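Below is one structure, written out as structure tokens; comments come after it.
Nothing here was measured: the structure is a model prediction, and the numbers come from that model. Lettering of chains follows the sequences in order, A, B, ..., and the numbering in each one begins at 1.
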2 protein chains.
Amino acid sequence: MSLRLQAHLGTLRQMEILLAVYDSGSVSGAAETLHLTQPTISMQLKKLADVIGFPLYNIVGRKVVFTEAGLEVVKSATEILDSFARLEMSLSDMGELKSGTLRLAVVTTSKYFIPHLLGPFCERYPNVAVQLNVGNRQQIIERLKQGIDDFYVFSHPPADLNTESIEFFNNPLVAIAQENHPLVSQDGVSLAELCEAPFLMRENGSGTRLAIERFMAKQGVKLNVKMTIESNEAIKHSVMSGLGVSILSAHTLAFGGNTGLAQLNVKELPINSNWYFLWLKSKRPSAIAQAFLTHVESEGREMLLTELAKHKL
Amino acid sequence: MSLRLQAHLGTLRQMEILLAVYDSGSVSGAAETLHLTQPTISMQLKKLADVIGFPLYNIVGRKVVFTEAGLEVVKSATEILDSFARLEMSLSDMGELKSGTLRLAVVTTSKYFIPHLLGPFCERYPNVAVQLNVGNRQQIIERLKQGIDDFYVFSHPPADLNTESIEFFNNPLVAIAQENHPLVSQDGVSLAELCEAPFLMRENGSGTRLAIERFMAKQGVKLNVKMTIESNEAIKHSVMSGLGVSILSAHTLAFGGNTGLAQLNVKELPINSNWYFLWLKSKRPSAIAQAFLTHVESEGREMLLTELAKHKL
DNA sequence: TCCATATATAGATTTTTATCTATATAAAAA
DNA sequence: TTTTTATATAGATAAAAATCTATATATGGA
């Protein structure tokens with residue numbers, strides 16, 4: 001590490017000049033290609049030779065003959081300027097969205113619709129890689145705090161962080177039961193009836209649970225929680241097998257399959273919540289992130305709603 | 001090529017600073033390791049970001065989170081500073097003669113003794129490579145003009161070039177004949193007798209021929225040149241087989257074998273000439289070249305004379 | 001030998017770089 | 001909320017880099 005304190009010999013300009021002399025085979029030739037005067041070249045290379053500690057070349061007759069040390073420096077200079085050239089290319093590709101990565105972190109429930117949003121985006125920007133991270137609300141908040149990703153998708157964004165967000169679209173939470181459950185055939189189900197049935201709840205930290213708890217508290221009722229289950233899929237299968245009823249995002253059913261399940265016609269439901277796209281105020285969005293946000297707000301939202309209509313319960 | 005006109009983004013110092021931030025994970029941490037103030041770091045990286053065209057990092061909470069562009073620059077900066085580190089090592093090795101090449105160009109005749117000089121040198125500097133070029137006088141002069149090698153060995157250096165030289169040691173030219181040639185048994189051979197015998201001469205441009213011709217012109221006699229032969233070895237074998245007599249460097253016999261040959265006892269001979277080590281005044285000697293010259297002038301000459309005594313005809 | 005060509009040196013000047021101090025701002029921790 | 005910690009910004013300055021013009025020097029060729 002300490003080597004890096006003064007880890008260079010000469011300046012980049014001197015490297016450029018050296019290569020020009022090497023390429024043209026003469027000092028004045030280099031001066032011409034670089035649009036400089038001849039003494040400038042001589043002077044700069046003399047300075048370079050000083051810090052290198054060896055002469056870089058000799059003038060023999062009228063030709064420039066490089067010393068062994070000079071050739072070593074030429075080799076390094078080539079490597080170095082090549083490295084810059086590569087960097088310039090990578091950066092230019094990034095600017096034109098010809099390369100780069102979009103990083104998303106989404107809560108579990110949203111994994112049902114996010115892929116439908118990403119599909120068209122990837123088609124439009126074929127050279128952009130997408131890294132999708134799925135976790136529960138708590139895990140995604142952790143990533144958000146650490147500023148790892150470009151965007152975060154929540155239904156219930158944390159309030160205490162310095163973020164910006166857009167409301168993406170409605171995330172109705174509906175009550176479900178096994179398709180031949182007695183409540184299903186009922187014309188209208190009251191909240192009280194729902195509360196009597198054994199209820200399958202998401203784990204602590206889940207956004208869905210948060211929404212359900214707030215809603216029930218507001219309504220002044222209490223659910224009969226029988227089990228806590230960490231996944232929407234597992235809840236769906238448990239409901240199918242008659243273990244109990246539950247409340248889930250309608251999208252879980254629309255995009256994730258719903259055979260053997262039926263929605264309950266509860267007057268107070270669905271619970272209205274929303275999907276949000278969130279990002280840190282302090283993190284300036286990359287070009288790719290901006291492109292994605294634009295995509296989401298224009299085509300993305302529309303396409304998804306169309307898609308959703310097809311899968312309507 | 002034209003890319004090289006302005007082929008760099010940022011300065012080397014900025015690269016160093018960027019890596020310090022990357023390594024320490026914070027701006028002020030980098031300031032500490034580099035013994036700078038914190039604003040210096042912020043400012044330099046801001047400038048770097050300006051020429052790069054993208055932000056290099058975001059501050060999230062208290063941590064520095066690099067952007068994709070920032071990571072690209074870190075990658076290049078690492079490559080570049082590594083390249084400098086390698087260069088520094090190569091140069092340091094050269095300075096300590098731990099690496100490098102000694103380039104010699106010698107005329108054909110000297111190839112008999114030069115290896116005996118190089119042997120001990122290579123032993124002493126085991127990491128120095130030696131490149132030995134053997135050619136006739138004209139070819140070696142050509143290389144000298146082009147400044148290709150560190151040293152040149154001649155018996156008859158060209159006078160018109162701007163060179164420096166040291167007289168290395170005596171190069172006596174002696175007359176030889178087949179061992180049962182009538183002149184061999186003779187007590188003393190006159191120049192006239194030598195001139196009558198069929199003479200095998202080196203080709204035009206040979207230093208040996210030059211010396212012989214000058215000598216004979218000075219003595220006012222003319223040789224009976226029967227054949228021109230381009231190699232000392234071929235002349236020796238021709239003399240052995242009785243084709244004629246010749247005049248050769250005694251070293252050709254001492255180091256190159258002399259079975260079947262005998263030296264003629266000519267009063268006016270040997271022709272006295274010398275071996276010279278030559279180099280271009282305009283070409284500053286490399287560290288290796290200096291070491292070689294020192295070696296030659298001290299041990300080298302002595303060792304060779306000792307060696308020569310062992311092989312005495 | 002003289003001329004043309006190529007390079008080096010000297011001295012001056014303009015930019016750019018590198019760095020500082022003082023201060024503002026933002027976020028985490030107490 | 002206040003304090004502490006970390007970073008950014010502004011303005012100033014010293015050092016160095018980059019470049020020029022004018023001139024000296026060395027070499028090859030006419």
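For A/Arg209, the side-chain hydrogen bond (donor to acceptor under 3.5 Å, both in side chains) test picks out A/Glu213, with sequence neighbours left out. For B/Asn162, the side chain to side chain contact (heavy atoms under 4.5 Å, CB included) partners at least two apart in sequence or on another chain are B/Lys281. Every side chain to side chain contact (heavy atoms under 4.5 Å, CB included) that B/Glu230 has, sequence neighbours left out, goes to B/Glu203. Partners of B/Tyr276 under the ring pair (Phe, Tyr, Trp, His ring centres under 6.0 Å) rule, at least two apart in sequence or in another chain, do not exist in this structure. Under the rule for a ring pair (Phe, Tyr, Trp, His ring centres under 6.0 Å), the partners of B/Phe277 that lie at least two apart in sequence or sit in another chain are B/Phe168, B/Phe292. Among residues two or more places apart in sequence or in another chain, the side chain to side chain contact (heavy atoms under 4.5 Å, CB included) test is passed with B/Thr101 by A/Glu68, B/Arg103, B/Ala129, B/Gln131. For B/Lys218, the side chain to side chain contact (heavy atoms under 4.5 Å, CB included) test picks out no residue, with sequence neighbours left out.
Taking atom CG of residue A/Leu48 and atom P of nucleotide D/dA16, one finds them 17 Å apart after rounding to whole Å. The separation between B/Glu32 atom CD and D/dT5 atom P is 14 Å, rounded to whole Å. Rounded to whole Å, atom P of C/dA6 lies 17 Å from atom CG of A/Leu45.
Pairs engaging residues 44-59 of chain A under the side chain to side chain donor-acceptor pair (under 3.5 Å) rule: A/Gln14-A/Gln44 [sequence neighbours left out].
Inter-axis angle, ends of the helix from C/dT1-D/dA30 to C/dA30-D/dT1, five pairs per end, rounded to 10 degrees: 30°.
Taking 4.0 angstrom as the limit, B/Asn162 places a side-chain polar atom (N or O) nearer than this to OP1 or OP2 of D/dT27.
A heavy-atom distance below 4.5 Å is found between the side chains of B/Phe154 and B/Leu144. The side-chain heavy atoms of A/Val296 and A/Phe121, taken from C-beta on, include no pair separated by under 4.5 Å.
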Contact letters for nucleotides 9-20 of chain C, in which S counts primed atoms plus P, OP1 and OP2 and B counts the base, heavy atoms under 4.0 Å: B-------SBBB
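For DNA chain D, the neighbouring residues in residues 51-61 of chain A, judged by any heavy atom under 4.0 Å, are A/Gly61.
Each of A/Arg62 and B/Arg62 was matched to the nucleotide of DNA chain D holding its nearest heavy atom; the match closer to the 5' end belongs to B/Arg62.
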Using residues 134-141 of chain A as the side-chain source, report each donor-acceptor pair under 3.5 Å to any protein atom, sequence neighbours left out, with the distance given to one decimal.
| unit_1 | atom_1 | unit_2 | atom_2 | d |
| --- | --- | --- | --- | --- |
| A/Asn136 | OD1 | A/Gln138 | N | 3.1 |
| A/Asn136 | OD1 | A/Gln139 | N | 3.0 |
| A/Arg137 | NE | A/His156 | O | 2.8 |
| A/Arg137 | NH2 | A/His156 | O | 2.9 |
| A/Gln139 | OE1 | A/Asn136 | N | 2.8 |

